[in-house]
Amino acid sequence: MTADDSYGRLDDDDYPAYTMGRAAEMLGTTQGFLRAIGEARLITPLRSAGGHRRYSRYQLRIAARARELVDQGTPIEAACRIIILEDQLEEAQRINAEYRRGVEPRSTADT
């Protein structure tokens, strides 16, 4: 891999660039919190060759949302479920919008 290849990955939201310690520091949380949301299967960090957890920016955004909900008093399991449902709703809305753009409007003569 060249230096240019490495720098190109910095723009990739899915590239697992952050260690658990750095991720926890960036989120202002504990490593235990990251483990807990991993155990709840909200996020699944990639493992390095040495077995260390690595997080992407996308995963950090999800973890930040979970932390926000937990800080508001939501139990961690419920927070994870809420985030999963929010993600499913967003995907359904995106698919619906694509469907609507792809469908020709019906004329009144068709009814």
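None of the values given here were measured: they were computed from a predicted structure. Excluded from the calculations below are hydrogen atoms, water molecules and symmetry mates; all remaining heavy atoms, backbone and side chain alike, are included.
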> Any chance CD of Q72 has more than 12 other-residue heavy atoms, nucleotides or ligands included, within less than 6.0 Å?
Replying inline: yes
> What distance separates I43 CD1 from Y55 OH, expressed to the nearest 0.5 Å?
Replying inline: 5.0 Å
>> Nearest 0.5 angstrom please: R41 CZ to R81 CZ, how far?
In response: 13.5 Å
> Excluding sequence neighbours, so at least two apart, what forms salt bridge (charged side-chain N to carboxylate O under 4.0 Å, His left out) with D71?
Replying inline: R67
>> I need the full list of salt bridge (Lys or Arg N to Asp or Glu O under 4.0 Å) pairs touching residues 27-39, with sequence neighbours left out, sorted by first then second residue.
In response: none
>> Using the salt bridge (charged side-chain N to carboxylate O under 4.0 Å, His left out) criterion, which residues pair with R61? Sequence neighbours excluded.
In response: D13
>> Just to verify, what does R53 make a side chain to side chain donor-acceptor pair (under 3.5 Å) with, not counting sequence neighbours?
In response: none
>> Going by the rule side chain to side chain donor-acceptor pair (under 3.5 Å), which residues pair with R47 if we only count those two or more places apart in sequence or in a different chain?
In response: none
> Rounded to the nearest 0.5 Å, how far does CG of N96 lie from CG of L89?
Replying inline: 10.5 Å
> Excluding sequence neighbours, so at least two apart, what forms side chain to side chain donor-acceptor pair (under 3.5 Å) with E68?
Replying inline: R65
> What residues, two or more places apart in sequence or in another chain, satisfy side chain to side chain contact (heavy atoms under 4.5 Å, CB included) together with A66?
Replying inline: F33, I37, L42, I83
> Say you draw a straight line from OG1 of T30 to CE of M20; how long is it, rounded to the nearest 0.5 Å?
Replying inline: 9.0 Å
> Between L27 and A64, which heavy-atom pair has the shortest distance, and what is it?
Replying inline: CD2-CB, 3.7 Å
>> Looking at every heavy atom in both D12 and D14, which two are closest together, and how far apart are they?
In response: OD1-N, 2.9 Å
> Does the side chain of R54 come within less than 4.5 Å of S48's, by heavy atoms?
Replying inline: yes
>> Once side chain to side chain contact (heavy atoms under 4.5 Å, CB included) is applied, do any residues pair with Q88, and if so which ones, sequence neighbours excluded?
In response: I84, L85
> Please, which pairs that meet side-chain hydrogen bond (donor to acceptor under 3.5 Å, both in side chains) have at least one residue in residues 18-28, sequence neighbours excluded?
Replying inline: R22-E25
>> Tell me every residue that passes side chain to side chain contact (heavy atoms under 4.5 Å, CB included) with A78, counting only those two or more places apart in sequence or in another chain.
In response: T74, P75
>> Is there a path of hydrophobic side-chain contacts, each under 4.5 Å between heavy atoms, that joins I62 and Y15?
In response: no
>> For the CZ atom of R57 and the CG atom of L60, what is their distance to the nearest 0.5 Å?
In response: 9.5 Å
> When you measure from the side chain of Q59 to the backbone N and O of T44, does any donor-acceptor pair fall under 3.5 Å?
Replying inline: yes
> Considering residues at least two apart in sequence or located in another chain, which fulfil the side chain to side chain donor-acceptor pair (under 3.5 Å) criterion with E91?
Replying inline: R94
> Would a hydrophobic clustering, with Ile, Leu, Val, Met, Phe, Trp and Tyr connected at side-chain separations under 4.5 Å, put M26 with L46?
Replying inline: no
>> Checking one residue: I95. Which other hydrophobic residues are in its cluster under the side-chain 4.5 Å linking rule?
In response: none
